[in-house]
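As structure tokens, the structure follows; a few thoughts come after it.
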Amino acid sequence: MKIVVINGANLNMLGIREPEIYGRESYADLCEKIEAHAKNISVDVEIFQSNHEGALVDRIQQAYFDGADGLVINPGAYTHTSIALRDALAAVGIPAVEVHISNVDEREDFRKISYIRNICKMIVIGHGTQGYLEAMDFLLEEYKK
Ligand code: DHK
């Protein structure tokens with residue numbers, strides 16, 4: 001099974017940005033954690049981060065052409081703004097899980113809107129970086145069905 005983990009705007013700033021909200025782990029720590037988990041559950045994983053909306057669209061499309069079986073996506077702020085990301089997820093039809101480190105439903109009202117939520121099979125919010133691993137486990141279970 002091949003999973004692509006896609007992170008959007010400002011997630012490269014983990015550990016530096018608002019640690020009281022996003023924690024003290026760096027982006028490199030997150031990538032290490034994802035890679036170690038992938039090894040444990042025997043899935044192939046590729047991790048991608050960009051601050052640019054179009055690059056995220058390109059990476060979603062690329063996942064289709066690469067034959068990816070699942071997507072874990074945290075678009076950062078593009079969650080709340082991007083019809084293009086929603087359309088890309090709908091276009092490729094790859095089972096996807098929306099992840100947010102913080103509990104977006106308990107923050108500002110504008111964070112309660114997600115353009116991708118009803119395209120995704122599941123959402124994990126407010127579980128910190130552990131949420132990425134839960135999303136991978138879910139996708140693996142779906143894949144086995
Ligand atoms: C990350 C961001 O960058 C925010 O724009 C989202 C999300 C929340 C997170 O919790 O991972 O609103």
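In each ligand, atom 1 is the first atom listed, and ligand 1 is the first ligand listed. Because the structure is predicted, anything quoted here is derived from the model rather than measured. Computed from heavy atoms alone, side chains included, the values below leave out hydrogens, waters and symmetry copies.
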Check ion pair Arg117-Asp105 (N to O, under 4.0 angstrom): yes
Are a donor atom and an acceptor atom from the side chains of Asn51 and Gln49 found within less than 3.5 Å of each other? yes
With a distance cut-off below 6.0 Å to the six-membered ring centre and an angular limit of 45° from the axis, does Arg17 pair with Tyr22 as a cation-pi contact? yes
Check ligand 1 against the protein and report each N/O to N/O distance under 3.5 Å, formatted as atom name, atom name, distance.
residue  : atom   : partner : partner atom : Å
ligand 1 : 3 (O)  : Arg17   : NH1          : 3.0
ligand 1 : 3 (O)  : Arg17   : NH2          : 3.0
ligand 1 : 5 (O)  : Ala77   : N            : 3.1
ligand 1 : 5 (O)  : Arg111  : NH1          : 3.3
ligand 1 : 10 (O) : Ile101  : N            : 3.2
ligand 1 : 10 (O) : Ser102  : N            : 2.8
ligand 1 : 10 (O) : Ser102  : OG           : 2.6
ligand 1 : 11 (O) : Asn74   : ND2          : 2.9
ligand 1 : 11 (O) : Ile101  : N            : 2.8
ligand 1 : 12 (O) : His80   : NE2          : 2.7
ligand 1 : 12 (O) : Arg111  : NH1          : 2.8

Under 3.5 Å, is there a donor-acceptor pair between the Thr79 and Glu98 side chains? no
Derivation of the side-chain hydrogen bond (donor to acceptor under 3.5 Å, both in side chains) call for Ser50 and Arg59: CA-CA 9 Å; Ser50 178; Arg59 190 64 190 85; over 6 Å; no
Under 3.5 Å, is there a donor-acceptor pair between the Glu35 and His37 side chains? no
